[in-house]
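Proteins come first, then strands; the chains are lettered A, B, ... in the order of their sequence lines, and each starts at number 1.
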2 protein chains.
Amino acid sequence: MLDDRDRTILALLQEDTEKPVAEIAARVSLSPSACSRRIQRLEAEGYIARRVALLDRARMKLPTTIFLIVKTQRHSADWLDEFRRAVSSIPEIVEVHRLTGNFDYILKLVLPDVEHYDAVYKRLVSRIEFFDMSAYISMETLKAGSALPTHYA
Amino acid sequence: MLDDRDRTILALLQEDTEKPVAEIAARVSLSPSACSRRIQRLEAEGYIARRVALLDRARMKLPTTIFLIVKTQRHSADWLDEFRRAVSSIPEIVEVHRLTGNFDYILKLVLPDVEHYDAVYKRLVSRIEFFDMSAYISMETLKAGSALPTHYA
DNA sequence: TGTGAAACTATTCCGTT
DNA sequence: AACGGAATAGTTTCACA
């Protein structure tokens, strides 16, 4: 489905969409128009979901990352529904996964500092009951970003 | 430093950078030129780090997310150095944090399926020694994306 | 696929509030 | 100091070979 050129284009676009098409075209030995067509195709076929701006965490006063592991026993449809609503309404919760095993969830929070965790915690427990909740503060980010491997597609 | 207009612009740009400036300008009751100036300022002052393409996980054949919790005792400078090199060289590892407590790390992996976890695991342990390593497979993503709260800056 | 022309943005300049 | 309107410059995209 995808050739090496497509994968290179995707890899470059994942890092930076502001590069002129001519530059990307040169990188994959193609004319700007041919490259533009490919990018269009990649978009039409859904490989590129969307183009977004990545904000600076420090400048946005959000340098702190906290992971939350929550356990629950009551896993009714109502509970899940309310949980889903709660996490989507709290912008500081940026990522939520349901994990293997017995209804554990992992939440990723971005905050101005660890003190702000309390506010999010209260907002969460005021709406939903949990069996257990443990916070793990990130002391250092060794790797981050939105880039995915391109060699599988 | 930032007013409501700036925050709205950042929120919109975080979701989609392809909207015409005129549209964003209308949303914040500004002329295209004034809006363009604000975006430039936001970029110059470092609020916007970069603009990137977000790829579709399913289309890229990477539907599986796995979290890894690794524990170590040997936390020498050499070990950390090699660990850092290893995770940065493995593209399936998209995020790594050092957590509070006794040198635990959390790794986020994106993979074609759970079977591929073994390959990453082997690549990792062939280079570094760990005390313990537990994998947690994401059964469902309830929330994801790169958008951050804008009301703190 | 590549080349060239056209159209569309976005940006810059200028006068104004 | 910041805004709105008109001119400019740049990029992308279309038509055709």
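- In this structure, B/Asp4 atom CG and D/dA2 atom C1' are separated by 17 Å, rounded to whole Å.
- Using a 4.5 Å cut-off on side-chain heavy atoms (C-beta onward), A/Leu2 and A/Thr150 make no contact.
- What separates CD of B/Glu23 from P of C/dA10 is a distance of 10 Å, to the nearest Å.
- The phosphate of D/dG5 has neither OP1 nor OP2 within less than 4.0 Å of any side-chain N or O from B/Ser31.
- Straight-line distance from the CD atom of A/Gln40 to the P atom of C/dT1: 13 Å, rounded to whole Å.
- Within the 4.0 Å cut-off from OP1 or OP2 of C/dA10, not a single side-chain nitrogen or oxygen of B/Ser36 is found.
- Proximity note for A/Val21 (side chain, C-beta onward) versus D/dT13, D/dC3, D/dT12: the nearest is D/dT12.
- Between A/Arg50 and B/Glu18 there is no salt bridge, since none of the side-chain N atoms of the basic residue sits less than 4.0 Å from a carboxylate O of the acidic one.
- Mapped onto DNA chain D by nearest heavy atom, B/Leu30 and A/Lys19 fall at different nucleotides, with B/Leu30 at the one closer to the 5' end.
- If you measure from atom CZ of B/Arg51 to atom P of C/dT9, you get 16 Å, rounded to the nearest angstrom.
- Taking both residues in full, the closest heavy atoms of A/Gly46 and B/Asp56 are given as O-CB, 3.1 Å, listed atom of the first, atom of the second, then distance.
- Relative to the side chain of A/Ala34, the nucleotides C/dA10, C/dT1, D/dG4 differ in distance, and C/dT1 lies closest.
- On a pure distance criterion of 3.5 Å, a polar donor-acceptor pair joins the side chain of B/Ser33 and the base of D/dG5.
- For the pair B/Arg41 CZ and C/dA10 P, the interatomic distance rounds to 20 Å; values are reported in whole Å.
- Contact detail for A/Lys108 and A/Phe67: the closest heavy-atom pair is CG-CE2, 3.8 Å.
- Among the nucleotides D/dA15, C/dC14, C/dA10, the one closest to any side-chain atom of B/Pro20 is C/dA10.
- A salt bridge links B/Arg7 to B/Asp4: at least one charged side-chain nitrogen sits closer than 4.0 Å to a carboxylate oxygen.
- In this structure, B/Leu42 atom CG and D/dA2 atom P are separated by 13 Å, rounded to whole Å.
- Atom-to-atom, CD1 of A/Ile39 to P of C/dT1 comes out at 13 Å; the value is rounded to the nearest Å.
- Whole-Å rounding puts the B/Asp6 CG to D/dA2 P distance at 10 Å.
- Candidate nucleotides C/dG2, D/dC3, C/dT11 were compared by shortest atom distance to the side chain of B/Arg5, and D/dC3 ranks first.
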